[in-house]
Protein chains: 2
Amino acid sequence: MITSFAGESKHFLDEKSRLSIPAKYRRWLTEEEAEYTFVITKGADPCLIAYPAVEWDKFAEKLRNLSQFKKKNRAFIRTWSRNSIRLKCDKQGRILMPQRLLDFANIKKEVVIIGALNYLELWDPEVLKEHQESQIPLDDDYFEDLADIF
Amino acid sequence: MITSFAGESKHFLDEKSRLSIPAKYRRWLTEEEAEYTFVITKGADPCLIAYPAVEWDKFAEKLRNLSQFKKKNRAFIRTWSRNSIRLKCDKQGRILMPQRLLDFANIKKEVVIIGALNYLELWDPEVLKEHQESQIPLDDDYFEDLADIF
DNA sequence: GATTTCTCCCCACATCTACCCACAATAATA
DNA sequence: TATTATTGTGGGTAGATGTGGGGAGAAATC
């Protein structure tokens, strides 16, 4: 049973565009892994995010409290929803990745899976490398601000 | 069984104006899909909204709390009701779309189906594109407000 | 009541999905 | 180290799904 993801590992899409989810990530809040489901969305960074379905559902539940009579709420819900897809692992623990999402993250064959808190990030290795290099290093000010929280 | 819709997919009306509802959207709160029923209404945005009948019934229940003594309430309920149609999927999971509703959303052949929380949005691809482009981006203030909720 | 239009069941079939089995690779245990 | 269990990978195939169209019966119209 897992309550917080961690770690990084490299995997490969097979000929059928299936991605094997490492066994250690299949036990979110449970020992069962049958019928395990993720919701995959486009990330704010050029990667894909995979939430355990129960986690995504919690967020969706909150979004339902937003009034449909506000245009901005509808726009936000629409954008959020259309980029999310609910996908079930097969009995071998693999997910059939839609081409549309693979294209977004520029994933071709190799996939770096990063376990982060309550979600997984899926990166193309090259994109991840470039993204890390172009990243402005976290400065002291950032950690000063963090200090307000912790 | 689904408790929250997600995703986007493109479909086509056939010669008989039938729209195939993707199988993954036919299992709202149930594993059964026989006799599956949606209520379709005109959206606040230029699209159609399809609620699983049980969800629409919940909303209708809320509307009953509006006082009948207010003219604007009566007008709103009237408009809402006459624009809503209860439609059953045929045995192949298709819905026969009334021309009047198709015209409202300017749907001709292609239909983008967006799964959003507890309803589906049905868009003409062109209209959706234009709508998204003309949309004022969600600004910082909006997310500041959201932060109060989450 | 007769005719036309509409609705929806049924069948057909191409495509896609996900199950199953096989087995290699890795990790865990004796 | 040998043995066993778990995990990852590949690929065939049955069943699910999406799409088209004929036609019987219902509904609307004349």
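Chain letters run A, B, ... following the sequence lines, proteins first, then strands; residues in each count from 1.
Distance, A:M97 CE to C:dA18 C1': 16 Å, rounded to whole Å. B:H11 has its NE2 atom 6 Å from the P atom of D:dT19, to the nearest Å. One interatomic measurement links the two molecules: CD of A:Q99 to P of C:dC16, which rounds to 13 Å at whole-angstrom precision. Atom CD1 of B:I95 is separated from atom P of C:dC8 by 11 Å (rounded to the nearest Å). Straight-line distance from the NZ atom of A:K88 to the C1' atom of D:dA16: 12 Å, rounded to whole Å. Between B:L19 atom CG and D:dG18 atom P there is a gap of 11 Å when expressed in whole angstrom units. When rounded to the nearest whole Å, the span between CG of B:L13 and P of D:dG20 equals 10 Å. Residue B:D14 contributes atom CG, which lies 13 Å from atom P of C:dT7 at whole-angstrom precision.
Atom CZ of A:F59 sits in a crowded spot, with more than 12 heavy atoms from other residues, nucleotides or ligands closer than 6.0 Å.
Panel note: side chain A:K10, backbone A:V112; no donor-acceptor pair is recorded below 3.5 Å. Proximity of a side-chain donor or acceptor of B:K71 to a complementary backbone N or O of B:F69 within less than 3.5 Å is not detected. Put simply, the side chain of B:R86 never gets that close to the backbone of B:V39: no donor and acceptor are under 3.5 Å apart.
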Please list each protein N or O that sits under 3.5 Å from an N or O in nucleotides 10-13 of chain C, with the distance.
| from | atom 1 | to | atom 2 | distance (Å) |
| --- | --- | --- | --- | --- |
| C:dC10 | N4 | B:Q92 | NE2 | 2.3 |
| C:dC10 | N4 | B:R94 | NH2 | 3.4 |
| C:dC11 | N4 | B:Q92 | NE2 | 3.0 |

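Ion pair A:K58/A:E61 not flagged as a salt bridge, since none of the NZ, NE, NH1 or NH2 atoms sits closer than 4.0 Å to an Asp/Glu carboxylate oxygen.
Of the candidates D:dG10, C:dC9, C:dT17, the closest approach to any side-chain atom of A:L96 belongs to C:dT17. Residue B:K16 has its side chain nearest to D:dG21 when only C:dC19, D:dG21, D:dG8 are considered. Of the listed nucleotides (D:dT9, D:dG8, D:dG11), D:dT9 has the atom at the smallest distance from the side chain of A:F12.
The aromatic rings of A:W80 and A:W56 sit parallel, their planes meeting at an angle under 30°, below the 60° perpendicular limit. Taking the six-membered ring where tryptophan is involved, the planes of B:F143 and A:F76 are perpendicular, since the angle between them exceeds 60° and thus also 30°.
Phosphate proximity of D:dT17 to B:R27: present, with a side-chain N or O under 4.0 Å from OP1 or OP2.
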